[in-house]
Amino acid sequence: MASGDGLVVRVRPPQGRLSLHQAWRLARLAATHGAGILELSSRANVQLRGVDPARHAGVLRALAGCGLLDADAQRERRRNVVVDPLHRPGDGVQAAAAALWQGLAGAQDLDALPAKFGWAIDGGHAPWLGEVSADIRIENVQGVHPPRWQVRPAGLPWALEAANPDQAAAAGLALARWFATRCSALRADGLRPGRLAQQTGEMARLRKAATPAAPWPAGLPAGVGWVPVATHLPAGRPVPGLLPGIGTLVGAPLGRLRAQALAQLVQALLRGAAPGPLPGLRVTPWRMLLVESDVPPGAWQAADWVSDPGDARLRVSACTGAPGCPQAQAPTLALAMALAPQVPEGAHLHVAGCAKGCARQAPASVTLRAEAAPNGPVFAVIRQGRAADAAIGHVDLSALQDNPGLLFEKN
């Protein structure tokens with residue numbers, strides 16, 4: 001993807017996990033072919049910024065060499081899956097992911113899906129994955145026997161219930177095939193299909209009309225049927241720290257990480273590794289990495305990583321902003337970091353370079369949206385909303401710098 005500072009190269013790690021070798025290669029590629037910065041995205045991807053277009057082919061060859069490149073662009077686009085980074089052995093998450101990816105790999109009948117059509121596979125270990133948007137969500141239902149899985153289409157208070165991960169993946173693929181066919185029909189009529197949640201009315205009608213002899217969608221595995229489910233509410237994000245039995249969560253300020261910092265972490269893990277399989281790094285949708293072990297002392301510096309649950313940098317988010325993004329109306333990163341100490345506990349500040357709100361789709365306590373003005377950019381102030389929502393007023397950069405606590409004053 002072209003941006004203001006060169007190409008942005010997105011990497012979707014298989015099953016949401018990087019080996020130490022792969023992490024080392026990404027750090028080297030970012031340092032030698034890019035701007036020395038990696039980004040952790042809200043879709044659990046890793047992005048290299050500032051790649052010279054002349055070096056793009058070399059970067060792709062290096063990614064392919066370490067198992068981080070799909071066979072073709074269409075397959076990579078279909079594999080827009082967020083895998084629960086809190087998965088444990090035997091919980092079925094990796095089995096569901098493997099079955100889904102196998103189905104997606106050669107599914108030519110899904111090419112009509114919208115470019116951002118996404119999936120989430122949730123092991124049900126914590127409510128945090130509820131904040132991650134997905135057109136189809138495959139969930140392990142906790143506390144029931146025998147084990148059950150639910151496949152939830154966005155916007156519908158019903159789910160397809162399956163007995164195992166393979167059935168759940170097959171049911172999700174059947175639902176995706178129906179939507180792909182509908183997308184083609186809508187485009188033939190000159191209409192934009194939008195996202196799956198915009199088809200709630202049609203899905204509700206078809207579900208109600210379905211019968212055992214004529215199930216909807218077509219191609220469901222035997223025994224899979226619709227059940228009512230409660231509304232799925234987002235439940236926030238985790239904080240850095242040790243997760244017993246899984247590993248250690250560490251954050252990157254604003255989701256941005258120096259290549260050197262990642263390389264130093266990999267070196268420390270290699271030095272401290274016990275005999276046996278090496279730990280890996282799970283890429284989370286919370287702009288954190290989950291290190292599959294205890295992190296040895298000295299593996300990071302406070303400026304590069306967020307390891308304290310009370311760190312104020314966890315309370316701010318920002319897009320790339322200007323000049324890195326050509327659509328941004330003002331720089332955002334430095335402003336977000338400068339305002340972080342003013343954000344009270346329990347609140348969140350989002351700084352957006354434009355109304356798209358790429359870095360955060362959920363509402364924030366305060367959102368600042370950069371806008372062009374005759375005398376330089378100003379920031380629209382939005383309370384309890386998203387970047388595209390209506391503002392209650394505007395403030396210029398000098399006012400924010402002179403009175404950084406202005407946004408969170410009670411009066």
To the nearest 0.5 angstrom, please state how far the CG atom of D304 sits from the CG atom of L262. 10.5 Å
Can you find a pair of side-chain heavy atoms, one from L63 and one from L29, that are under 4.5 Å apart? yes
Can you tell me how the ring of W216 sits relative to the ring of W226, calling it parallel under 30°, perpendicular over 60° and tilted otherwise? parallel
Is it the case that T367 and R360 place a side-chain donor and acceptor less than 3.5 Å from each other? no
Can you find a heavy atom in the side chain of L368 that is under 4.5 Å from one in the side chain of H350? no
Are the side chains of V51 and L48 in contact, using a 4.5 Å heavy-atom criterion? yes
Mind checking side chain to side chain contact (heavy atoms under 4.5 Å, CB included) for R10 and listing every partner two or more places apart, or none if nothing turns up? M1, R12, N45, Q47, E76
Can you see whether T320 engages E39 through a side-chain donor-acceptor pair at a distance of less than 3.5 angstrom? yes
Student check: side-chain heavy atoms of L289 and V283 closer than 4.5 Å: yes
With no hydrogens and no angle check, just 3.5 Å: does a side-chain donor-acceptor pair link H125 and D91? yes
Okay, side chain of Q142, backbone of G123: is any donor-acceptor separation there less than 3.5 Å? yes
Residues at least two apart in sequence or cross-chain that pass side chain to side chain contact (heavy atoms under 4.5 Å, CB included) with A154, listed by chain then number, are A197
Counting distance only, does the side-chain N/O of R313 pair as donor-acceptor with the main-chain N or O of W305 below 3.5 Å? yes
Is the shortest side-chain heavy-atom distance between P285 and P85 below 4.5 Å? yes
Across all chains, not counting sequence neighbours, the salt bridge (charged side-chain N to carboxylate O under 4.0 Å, His left out) partners of R77 are none
Given salt bridge (charged side-chain N to carboxylate O under 4.0 Å, His left out), test D111 with R78 step by step and report yes or no. CA-CA 8 Å; D111 288 347; R78 290 193 295 266; 2.6 Å; yes
Does a donor on one side chain sit under 3.5 Å from an acceptor on the other, for R17 and Q15? no
Measure the shortest side-chain to side-chain distance between V343 and L349 over non-hydrogen atoms and say whether it is less than 4.5 angstrom. yes
Identify all side-chain donor-acceptor contacts of residues 170-183 below 3.5 Å with residues at least two apart in sequence or on another chain.
residue	atom	partner	partner atom	Å
T181	OG1	R177	O	3.1
R182	NE	Q199	OE1	2.4
R182	NH2	Q199	OE1	3.2

Quick one: pull up CG in D135 and CH2 in W119 and give me the separation to the nearest 0.5 Å. 9.0 Å
Please list all pairs passing the side chain to side chain donor-acceptor pair (under 3.5 Å) test where one or both residues lie in residues 386-396, with sequence neighbours left out. E371-H394, D396-S398
Assess the side chains of S365 and R383: does a donor N or O sit below 3.5 Å from an acceptor N or O? no
Answer yes or no: is there a side-chain heavy-atom contact under 4.5 Å between I136 and R152? no
I'd like to check the salt bridge (charged side-chain N to carboxylate O under 4.0 Å, His left out) partners of R75; sequence neighbours left out, ordered by chain and number. none
